[in-house]
There are 2 protein chains.
Amino acid sequence: MQKTGFSKYKEIVYYGLALAALLLVLRFLEIRYLVFAHGFEIYTAISAVLFMALGIWLAIKLFKPKTIVVEKEKPLEFNFDASACEAMGISKRELEVLQLMAQGLSNGEIAERLFVSLPTVKTHGARLFEKLDVKRRTQAVEKGKRLRLIP
Amino acid sequence: MQKTGFSKYKEIVYYGLALAALLLVLRFLEIRYLVFAHGFEIYTAISAVLFMALGIWLAIKLFKPKTIVVEKEKPLEFNFDASACEAMGISKRELEVLQLMAQGLSNGEIAERLFVSLPTVKTHGARLFEKLDVKRRTQAVEKGKRLRLIP
DNA sequence: AGTCAAATCATACCAAAGTATGACCGTTTT
DNA sequence: AAAACGGTCATACTTTGGTATGATTTGACT
């Protein structure tokens, strides 16, 4: 939220009022303690504490908006969308195949990696394409990434 | 950088020393001005200003590391790497083909989009694969994205 | 004028991808 | 027990992808 000119002006008034109040307190303390023999030291100590507190409060108030928000470019990490995956009825094996397809592997290479036969990979692929409503593996990869099924 | 226990301890010592020095100044001022008739008001004012300054300084010192860096997730926009593209000798047309491949289009569809024949798209593809040192279109897309040739 | 790279097209062939269909085997669910 | 599902494999077929080779055109650079 942006500060208006008025609210800033109000703050200054508050600071002035606070200062005035503090001076009043000091005046009161002066009258109260000046009569005593060692009242001077007490008065000094109290005034010192009060003014230090005022200084601290002032500094905090004035330097409060130092919270700087830095927008840093973050690679935007991958969050697997399990709900989308389940909603489309995609099985674990099909997902594995999709991942390997995204890495540019051929069906044969995928078959080797998963220790299954080529036809198996093909059937997984076919079901995957059907569930993702695509026609080619490249489209499947593209859609898989959009739906956060793969990184 | 993380603060060590020692440096934090050192800071406290500094604050203590500063306070001690301030008291010494006050003592000096007390001796100097107490003899005068209106020395009391002057002494009070000076001590007030000094302690307020101390308070401000303290607050600034203590609340300085309030600068919070918020890491915001940014989609990380696409910056075309023309240097990498030139370095590999990839032509405009080849890049266009790569882009359309990344969108999951078949060679035939790409041919339609670019108003050229199927063999043309194939030769573009073949040269592209050679230049990118890949064997399949899926790998070309994967590598093209890694090299920032396509979004 | 000559060279070169990019772009275009063609033809032919082989490999890979994708489709269709059917079958078998465990789990899990009903 | 039967049904449903996921995973597996196979066979046959069609489509698409990729390779190889060669040819033509156009524009840029020398």
Side-chain angles (χ1 to χ4, degrees), chain A residues 80-147 149-150, chain B residues 80-147 149-150:
Chain A
F80 176 65
D81 190 348
S83 61
C85 198
E86 275 188 50
M88 312 193 83
I90 295 172
S91 69
K92 282 177 210 164
R93 217 52 168 163
E94 285 158 3
L95 228 191
E96 288 181 285
V97 170
L98 179 58
Q99 288 169 211
L100 296 175
M101 278 180 175
Q103 289 169 30
L105 301 195
S106 68
N107 286 339
E109 289 168 335
I110 293 172
E112 281 183 26
R113 292 265 190 116
L114 300 181
F115 304 105
V116 296
S117 69
L118 211 171
T120 302
V121 175
K122 285 189 174 186
T123 55
H124 283 320
R127 285 203 240 270
L128 194 56
F129 298 161
E130 201 183 347
K131 287 167 182 174
L132 285 175
D133 190 31
V134 295
K135 293 217 170 298
R136 276 171 287 286
R137 67 190 19 239
T138 46
Q139 287 181 345
V141 169
E142 202 269 336
K143 196 155 190 174
K145 290 191 175 185
R146 273 218 322 275
L147 298 178
L149 304 178
I150 49 177
Chain B
F80 176 64
D81 190 348
S83 62
C85 198
E86 276 188 49
M88 312 193 83
I90 295 171
S91 68
K92 282 177 210 164
R93 217 51 168 166
E94 285 159 3
L95 227 189
E96 287 181 286
V97 170
L98 179 58
Q99 287 169 214
L100 296 175
M101 277 180 176
Q103 289 169 30
L105 302 195
S106 67
N107 286 339
E109 289 167 334
I110 294 172
E112 281 183 24
R113 292 267 190 114
L114 300 181
F115 304 106
V116 296
S117 69
L118 210 173
T120 302
V121 176
K122 285 190 172 186
T123 55
H124 284 321
R127 296 216 177 111
L128 194 56
F129 298 161
E130 201 183 346
K131 287 169 183 174
L132 286 175
D133 191 32
V134 296
K135 293 216 172 296
R136 274 172 289 285
R137 64 187 26 236
T138 47
Q139 288 180 345
V141 169
E142 202 268 336
K143 195 154 192 175
K145 290 190 175 183
R146 273 218 323 274
L147 298 178
L149 304 178
I150 47 177

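Residue numbers begin at 1 in each chain, while the letters A, B, ... track the order of the sequences.
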Inset, instruction - Inspect the surroundings of CD in A:Glu130 and state if more than 12 heavy atoms from other residues, nucleotides or ligands are less than 6.0 Å away. - result: no

Check every atom of [options] against the side chain of [X] and return the nucleotide holding the closest atom.
X: B:Arg137; options: D:dG18, D:dG7, C:dA7; result: D:dG18
X: B:Thr123; options: C:dA10, D:dG7, C:dG18; result: C:dA10
X: B:Phe129; options: D:dG7, D:dG18, C:dG18; result: D:dG18
X: B:Pro119; options: D:dG6, C:dA10, C:dA7; result: C:dA10
X: B:Ala126; options: D:dG6, C:dT8, D:dT19; result: D:dT19

Using whole Å, report how far [atom1] of [X] lies from [atom2] of [N].
X: A:Asn107; N: D:dT15; atom1: CG; atom2: P; value: 19 Å
X: A:Arg136; N: D:dT16; atom1: CZ; atom2: P; value: 8 Å
X: A:Glu112; N: D:dC9; atom1: CD; atom2: C1'; value: 17 Å
X: A:Met101; N: C:dA17; atom1: CE; atom2: P; value: 8 Å
X: B:Leu118; N: C:dT11; atom1: CG; atom2: C1'; value: 13 Å

Legend entry - Contact nearer the 5' end of DNA chain D, comparing B:Ser106 with A:Ser117: A:Ser117

Inset, instruction - Take B:Thr138 and A:Ser91, find for each the nucleotide of DNA chain D with the closest heavy atom, and name the residue whose nucleotide sits nearer the 5' end. - result: A:Ser91

Legend entry - With B:Phe129, the side chain to side chain contact (heavy atoms under 4.5 Å, CB included) member among B:Lys143, B:Gln139, B:Arg137: B:Arg137

Legend entry - Residues B:Ser83, B:Glu86; criterion side-chain hydrogen bond (donor to acceptor under 3.5 Å, both in side chains); working and verdict: CA-CA 5 Å; B:Ser83 62; B:Glu86 276 188 49; over 6 Å; no

Inset, instruction - Name the residue closer to the 5' end of DNA chain C, choosing between A:Arg127 and B:Val116 according to the nucleotide with the nearest heavy atom. - result: B:Val116

Inset, instruction - Please determine if a side-chain N or O atom of B:Arg93 lies less than 4.0 Å away from the OP1 or OP2 oxygen of C:dT8. - result: yes

Legend entry - Touch class at under 4.0 angstrom, heavy-atom based, for A:Thr120 against every strand present: base

Legend entry - 4.5 Å side-chain heavy-atom contact, A:Val116 and A:Arg93: yes

Legend entry - Check ion pair B:Arg136-A:Glu109 (N to O, under 4.0 angstrom): yes

